[in-house]
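A quick write-up on the structure given underneath.
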Amino acid sequence: MPELPEVETTLRGIAPHIEGHKIQKVIVRDSRLRWPVPSGLDKKLHGHSITSASRRAKYLLLATDAGTVILHLGMSGSLRVVPVKTPAEKHDHVDFIFDNGLCLRLRDPRRFGSVHFVSGNPLEHKLLNKLGPEPLSKEFSGELLFTRSRNRKIAVKTFIMNNQVVVGVGNIYASEALFAAGIDPRREAGSISKARYLRLAKAIKKVIAAAIKAGGTTLKDFTQSDGKPGYFSQKLKVYGREGSPCVNCGKAIQQITLGQRASYFCSRCQR
DNA sequence: AATCGCGCCTGACGGC
DNA sequence: TGCCGTCAGGCGCGAT
C-alpha cells in the first residue's frame, strides 16, 4: 500500500540508476493494469534516454525527449532496479531495460497500478491536472485547509484524503495526522477552526516528512531483491491499533469506517 | 458543486 | 490439509 513516502522512497531509489540512461527495450508481459498499458511503448521509447525522474502526488514521471512515462503503483505495486538477466517472477508486468545493464521492473500483484505515456506536458494529463498541492510544499498550509473546507460537510478525514485538496495523504497518514493534531476524524470539515487546521497541516507535514526519512534508511539496498521501504517500521500511533491503549492516555483505540475506509482514533484525545 | 458508493484485483486470513 | 468466503485498499468514475 504505497503511500506518498513510499513513492518518494522509490523515486530516490531508482532515479540514480535510470537518469541519463538510454532505454533499449520495453517489455510488457501483462498489459492488464487498472487501465491497459499503452501499446507500442517499446517503439515509442526505444533509443531515448531518461532526462529526469520525478514525482507528482503518487505518480512517478519518467521523462524522455520523446515523451513521459507516468506510473502509479496503486495498492500493491513496486518498482525495482535489477540486473537485466534477473528472471521475471509472477506479477512482474513491465520491464524498462537500459543500456547500463539494468532493468527497471514493475511488479503489481493486484494490478491497481497503471502505466501511461504522454508526449506533451505530463502535468496537463487528465489524471494530474486537477491535483492539489504537495503536502510538503509551502502552498499547502492550514490556511488552505481552512479556506477549502468552508461549507463542506464531509468528515475531515475524508476531506484531507481528497487529492484535489492535498495530495498524498493516504489512509494511514490521515489517521496518524489527525491523532497528532487531536482532531476527531468524524468531524465535519466545514466546522473546524482555522487554528485547528493550522495544527493539522503541520501534523500532516511532520508525519509525512518523518515517514520519508524512515523510508530513506533502506535506500542503500534498493537494487537488491528486498525493495521494501522501511516506513512501516516507524511507530504508528493509531493506525491498525484497534483495542490497544492510546500512547497518550491509555484509552483503547477505536476503529470505525469513514468513506468505506478503516479509520483509527482515540476518542479521548481527539475531539 | 459536492457527496456517495462501486469496482477493479489478489493475497492473507478465519472458519469449518 | 483443503476449500471457500471475506476483506483490504487507491482512486477514478458514474450516479445522485
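Every chain is numbered from 1, with letters handed out A, B, ... down the list of sequences.
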Distance check needed: [N] [atom2] versus [X] [atom1], whole Å only.
X      : N      : atom1 : atom2 : result
A/M161 : B/dT3  : CE    : C1'   : 15 Å
A/Y264 : C/dA8  : OH    : C1'   : 9 Å
A/Q260 : C/dC7  : CD    : C1'   : 14 Å
A/H72  : B/dC8  : NE2   : P     : 19 Å
A/H93  : B/dC9  : NE2   : P     : 11 Å
A/W35  : B/dC9  : CH2   : P     : 13 Å
A/L131 : C/dG10 : CG    : C1'   : 13 Å
A/L128 : C/dG12 : CG    : P     : 9 Å

Looking at [X], I'd like to know whether one of its side-chain N or O atoms comes within less than 4.0 Å of OP1 or OP2 on [N].
X      : N      : value
A/Y59  : C/dG12 : yes
A/K90  : B/dG11 : yes
A/Y239 : C/dG9  : yes
A/R261 : C/dA8  : no
A/H91  : B/dG11 : yes
A/K58  : C/dC11 : yes

A/W35 and A/H116 aromatic ring geometry - parallel, tilted or perpendicular at 30°/60° bounds: tilted
Touch class at under 4.0 angstrom, heavy-atom based, for A/L73 against every strand present: nothing
Sugar-phosphate only, base, or nothing, as touched by A/K126 at under 4.0 Å among non-hydrogen atoms: sugar-phosphate
Distance, nearest 0.5 Å, that separates CG of A/L106 from CD1 of A/I27: 13.0 Å
Rounded distance [0.5 Å steps], CD in A/E8 versus NZ in A/K58: 13.0 Å
A/D99 and A/I23, any side-chain heavy atoms less than 4.5 Å apart: no
Close approaches to DNA chain B from residues 103-117 of chain A, in residue order (heavy atom, under 4.0 Å): A/P109, A/R110, A/R111, A/F112
Worked verdict on A/R271 versus A/D184 for salt bridge (Lys or Arg N to Asp or Glu O under 4.0 Å): CA-CA 5 Å; A/R271 301 290 177 161; A/D184 187 317; over 6 Å; no
Cationic N near anionic O, under 4.0 Å, A/K237 to A/E176: no
Carboxylate-amine/guanidinium proximity below 4.0 Å for A/R56 and A/E134: yes
Among C/dG10, C/dC11, B/dC4, the one nearest A/I154 by side-chain distance: B/dC4
